[in-house]
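Heavy atoms only: backbone and side chains are in, while hydrogens, waters and symmetry mates are out.
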Amino acid sequence: MKLITILGPTATGKTKLAAHLAFRANGEIIGADSRQVFRKMNIGTGKDYEDYIVEGTLIPYHLVDIMEPGEEFSVFDFYKGFVSAFNEISGKGKLPILCGGTGLYLESVLKRYLLMEVPENIELRKGLSAKDENELIEILSGLKSLHNTTDTVCKDRLVRAIEIEYFHKENPAKQPQWPEFESYVFGVNYERSVVMKRITSRLKTRLDNGMVEEVESLIRSGVKKDRLKTYGLEYKYVTQYLEKEIDYNEMFRLLNIAIHQFSKRQMTWFRRMERNGINIYWIDGNMPIEDKVDL
RNA sequence: GGUACCAUAGCUCAGUUGGUAGAGCAACGGACUGAAAAUCCGUGUGUCGCUGGUUCAAAUCCCGCUGGUACCA
């Protein structure tokens with residue numbers, strides 16, 4: 001079995017390329033984008049349904065529009081979705097094409113992360129519920145090195161993180177059911193200054209196309225503002241604008257910078273993957289879509 | 001035309017009584033295994049507008065020039 005991966009920083013036309021490849025090679029797309037999984041988050045996530053249509057044919061896609069905005073979705077949920085989509089596609093004799101820009105999700109597949117279903121541990125939870133946040137942070141940092149504070153902002157997440165670490169310690173031998181595949185990874189990229197220009201002009205288009213209204217309607221439908229802010233970028237800054245924390249020009253300026261920085265962080269992931277032995281065949285974004293020859 | 005003020009990092013600016021410069025933002029590099037578009041760590045990148053002078057020593061004081069801002073004509 002083969003797995004083709006198409007990755008790259010934001011605003012480089014990955015989806016379009018993946019769709020053309022799928023059209024040519026009888027494939028289906030598996031999204032590796034942590035924000036496009038949410039329905040009704042379209043303009044802000046750069047979800048463009050047109051991209052999936054090649055010469056009038058709709059290319060089937062997976063792991064896009066599978067959650068309601070505001071719901072929880074994690075690498076593990078992605079992993080499960082990936083495995084079942086991969087099996088379904090290859091079961092039909094078609095070619096799975098993983099396409100997206102979320103480094104963690106891509107790496108979880110390409111480096112075959114050890115991820116297992118971790119059941120709730122009632123007994124452990126009972127013991128932990130008596131402790132305060134600082135004690136929990138201490139316990140967690142004894143189990144793993146803490147790289148971020150997303151795990152430690154609230155008690156629920158702390159308890160869950162500890163639960164997962166305990167489970168891994170107690171069940172070290174359990175390997176997840178990874179499908180076997182020959183992996184080919186392609187990266188789409190432009191010179192950094194070009195990516196930045198593309199980001200800026202795309203941001204203008206998005207605003208003209210109703211991005212602010214999209215966020216407004218998410219808020220109206222009951223998505224919490226704090227939740228929107230954790231979605232980052234467009235959702236964070238537009239929410240701040242709607243909250244009148246910043247004015248329109250400031251929103252544009254800060255958001256534009258934040259997306260530039262995001263694309264840089266994405267490249268950090270890709271470089272690291274290469275250092276860790278994943279071969280990425282880079283494709284110049286300026287090249288016409290006819291670079292599917294590489295199959 | 002006259003007077004005053006300003007000119008320091010990519011940007012906005014600090015820089016005490018002279019001892020060859022430093023913050024914020026940007027930029028750049030990195031980390032990352034259950035929210036990852038999140039979260040966090042590291043790095044100063046400089047003809048101190050130009051020219052001449054005073055001084056052991058000038059971003060700092062003086063002359064002139066250039067550019068800008070404000071006010072007076």
Atom-to-atom span, [atom1] of [X] to [atom2] of [N] - whole angstrom:
X         : N      : atom1 : atom2 : answer
Leu254(A) : G24(B) : CG    : C1'   : 14 Å
Glu191(A) : C28(B) : CD    : P     : 12 Å
Phe262(A) : A27(B) : CZ    : P     : 15 Å
Glu107(A) : G30(B) : CD    : C1'   : 14 Å
Ile257(A) : G10(B) : CD1   : C1'   : 12 Å
Glu250(A) : A26(B) : CD    : P     : 11 Å
Leu228(A) : A37(B) : CG    : C1'   : 13 Å
Met273(A) : A31(B) : CE    : P     : 11 Å

Cation-pi check, Arg112(A) onto Phe181(A) ring (under 6.0 Å, within 45° of axis): yes
Centroid-centroid under 6.0 Å between Tyr241(A) and Tyr248(A) rings: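 Centroid distance Tyr241(A)-Tyr248(A): below 6.0 Å, so yes.
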From the set [options], return the single nucleotide nearest to any side-chain atom of [X].
X         : options                : value
Arg160(A) : G34(B), A36(B), A27(B) : G34(B)
Thr102(A) : G29(B), A27(B), A36(B) : A36(B)
Arg271(A) : C28(B), A27(B), G30(B) : G30(B)
Gln261(A) : G29(B), A26(B), A37(B) : A26(B)
Tyr113(A) : A36(B), G34(B), U33(B) : U33(B)
Arg265(A) : C28(B), A27(B), A37(B) : A37(B)
Val118(A) : A37(B), G34(B), G30(B) : G34(B)
Trp269(A) : G34(B), A36(B), U33(B) : A36(B)
Thr268(A) : G30(B), A26(B), G34(B) : G30(B)

Classify the nucleic acid contact of [X] as base, sugar-phosphate or nothing, counting any heavy atom under 4.0 Å across all strands shown.
X         : result
Thr10(A)  : nothing
Asp33(A)  : base
Ile259(A) : nothing
Tyr105(A) : sugar-phosphate

Stems of at least 3 consecutive Watson-Crick or G-U wobble pairs (donor-acceptor distances under 3.5 Å) involving RNA chain B, listed by first number, are B:1-7 with B:66-72, B:10-13 with B:22-25, B:27-31 with B:39-43
Kindly determine whether Tyr235(A) and Thr45(A) satisfy side chain to side chain contact (heavy atoms under 4.5 Å, CB included), including the steps that lead there. CA-CA 9 Å; Tyr235(A) 298 97; Thr45(A) 63; 3.7 Å; yes
Whole-angstrom distance between [N] and [M], as gauged at atom [atom1]:
N      : M      : atom1 : value
A31(B) : A38(B) : C1'   : 14 Å
U54(B) : A58(B) : C1'   : 10 Å
G49(B) : G67(B) : C1'   : 8 Å
G2(B)  : U45(B) : C1'   : 42 Å
U69(B) : C28(B) : C1'   : 35 Å
C50(B) : C11(B) : P     : 15 Å
A70(B) : C62(B) : C1'   : 25 Å
G44(B) : G22(B) : P     : 10 Å

[N] phosphate, OP1 or OP2: any side-chain N/O from [X] under 4.0 angstrom?
X         : N      : value
Lys264(A) : G29(B) : yes
Arg112(A) : U33(B) : no
His147(A) : A36(B) : no

Pull out every residue in residues 234-248 of chain A that has a heavy atom closer than 4.0 Å to any atom of RNA chain B, ordered by number, or say none.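 Of all residues in residues 234-248 of chain A, the ones placing a heavy atom under 4.0 Å from RNA chain B are Glu234(A).
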Any chance you could lay out the side chain to side chain contact (heavy atoms under 4.5 Å, CB included) test for Ile89(A) and His62(A), step after step, and finish with the verdict? CA-CA 10 Å; Ile89(A) 297 165; His62(A) 304 257; 3.6 Å; yes
Pick the nucleotide of RNA chain B nearest each of Phe73(A) and Met267(A); which residue has the one closer to the 5' end?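 Result: Met267(A).
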Taking the nucleotide of RNA chain B with the closest heavy atom to each, which residue, Arg227(A) or Met196(A), is nearer the 5' end? Met196(A)
Tested for side chain to side chain contact (heavy atoms under 4.5 Å, CB included) against Lys47(A), the lone hit among Gln36(A), Lys40(A), Arg35(A) is Gln36(A)
We want to know whether Asp77(A) and Ser74(A) form a side-chain donor-acceptor pair, criterion being a heavy-atom distance below 3.5 angstrom.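 Looking only at side-chain atoms, Ser74(A) and Asp77(A) do form a donor-acceptor pair, the distance falling under 3.5 Å.
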I'd like to know if the side chain of [X] reaches the main chain of [Y], judged simply by a donor and an acceptor atom lying under 3.5 Å from each other, with no hydrogens or angles considered.
X         : Y         : answer
Arg227(A) : Gly70(A)  : yes
Glu214(A) : Asn42(A)  : yes
Lys14(A)  : Gly8(A)   : yes
Glu71(A)  : Glu68(A)  : yes
Trp178(A) : Tyr113(A) : yes

Would Arg160(A) and Glu163(A) pass as an ion pair if we require N to O under 4.0 Å? yes
